[in-house]
Amino acid sequence: MSKLSHPLLRRLRDELNYKIRSGPTTLGYELFYLDLSSWKLRLSDRTPVVWVKPRDVDMRSPQHLIDSLRDVMRANHLRRDPLVALVDGEAEPLRQYANNLQERARIVVIGADEQARLLQSRRPTGDLRDIVLSQLSVSLLAPYETAAPVIGSRFFGREYEISRILENPDTNFVILGIRRIGKTSLLKEIERRLREREEDHENGHIIYIDCSDLSSPEDYIREVVRKLNPTELPRLHLQYAFFFPDFLERMARKHRRKLIFLLDEIDNLILLQRGGWELFRMFRSSSNKGFAQYIMAGFREAMNEKIAIDSPLFNMAQEVRLNEFKRKQAHDLIVVPMENLGVGFRDKAQVIERIFAETAGHPNLIQYYCTILLRSIDLSQSDERTICLDSLIDVYQDAGFKDHLVASFIQNTQNREKALVCALLTRQNSGGLGGFTQVHMDASLRRHGITLRQGEIENACSVLKLAGIFDQHGQEYFFVSPVFVRVLTESYDVQYLIRKAREEGV
């Protein structure tokens, strides 16, 4: 075990098993990286920690010291995590200067007295977290993310899906789900866990490819060759000298392990290949020969090809369908980060149930909800960090949330599904029942001059169920989220949307 001279860091490592790595000495400061990912906040396994020794405190004013620490952040490209400064001296003057800056410094100052208390504390993790929370806004530390994939400590739910995939290394999988349901996050979390096993030589050689960046099947082959053996790239244009299936087999032998392909946005590659399928036949062949496994993520095209008898994807991979979170998953996504942020609940069960009902358990919408609630706490500048039923009014009135909800619907549906939803909404607005069958759907569409075959209605229902807009009980369907219905009808003239869908073709 490496020598660690700072007493608080040594206690965190030796007694509490926190992982701590040494960083480069910068501007005369010792830099460390502390793994705070277990806190389930927006803190990673590389939270930077700087040791500010007595000579640094004595020789510099608060302004010069804070400016110097900010330069440490710049020099090491520390943009993600806040900086923790262990100051062997008085902390308050530094905090006051940092708080008065127009642009928040994102520096947590822990003075000598606080360090001494942490060394004697019987709950050092909780006390350390309280110090961090007292100096940073809750929205800065919140792990909720609505616009980018998340992995590691910020990844919630989907444990069943991950276990199913990781425990079946000889099986191909296709992850199906609408946009913003978490396909990329799931795929990246699988990659992270596979790479942990890869370090222990327990698993295959991993190749992650985002297929949305590809413009041809040749681009895919080029990317695979670049990742596995870039020295062979010049051979690609010499067809007699390069045979892709042979290349894959040679690479599996070279690495002495199976090749594991993680293919995100597979729909784009399907569209590029449709009618030829040569590349997907190679997928199937390399998988059947046992030197490659494919874990793919897609939506509409992947869903259609998986059930098409003449498609090479037919029966090639097991389906993993990403639906909305169950109540337990939603509860954990809401409660665990909030409680770690020191945020309490009044009427907790009712608040969680309301959020779950109004988001239909969609993880992206839950995170958007929680982000708005935390932003309201920050803006209130109150010492009380509590969420109650009245707090949810802020979410209903948030223009960004409404835009986000409508944009999700627009992006995840085509004209056929849009027309069906809007036709049903006109029926509900005119006093229709909450539930509706495909007979009602057909009648609602016909009132607007739209006729669909039964198979087309069935396909639209499948997409809308996957999108979390419809729920089905027996022969009846229901709108899952009352907020979705309200926001869509308030934001759009549904009669106009039906007319445009009909004009553009359903």
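Only this structure's heavy atoms are used, side chains among them; waters, hydrogens and symmetry mates stay out.
Here the side chain of D35 pairs a donor or acceptor atom with the backbone of S37 at under 3.5 angstrom.
Side chain to side chain, S481 and H362 fail the donor-acceptor criterion of an N or O pair below 3.5 Å. No hydrogens or angles considered: a donor-acceptor pair under 3.5 Å links the side chains of Q318 and R164. Defined by atom type and a distance below 3.5 Å, a donor-acceptor pair is missing between the side-chain atoms of N268 and S212.
Across every non-hydrogen atom of M316 and M296, the tightest pair is CE-CE, 4.3 Å. The two residues Y144 and T371 come nearest to each other via the heavy atoms CB-OG1, 3.5 Å.
Ring geometry for F470 against Y477 counts as tilted: the plane angle lies between 30° and 60°, on a 0 to 90° scale. Relative ring orientation between F261 and Y294 is described as parallel, the plane-to-plane angle staying below 30° on a 0-90° scale split at 30° and 60°.
When L269, I270, L272 are each tested for a side chain to side chain contact (heavy atoms under 4.5 Å, CB included) with L279, only one passes: L269. Here the rule is side chain to side chain donor-acceptor pair (under 3.5 Å) with E191, and of R195, R193, K188 only R195 fits it. The residue from F479, F484, Y492 that alone fulfils the ring pair (Phe, Tyr, Trp, His ring centres under 6.0 Å) condition with F409 is F484.
Taking the centre and axis of the six-membered ring of F314, the NZ or CZ atom of K306 falls outside the cone set by 45° and 6.0 Å. With a 6.0 Å cutoff to the six-membered ring centre and a 45° limit on the axis angle, K40 counts as a cation-pi contact of F156.
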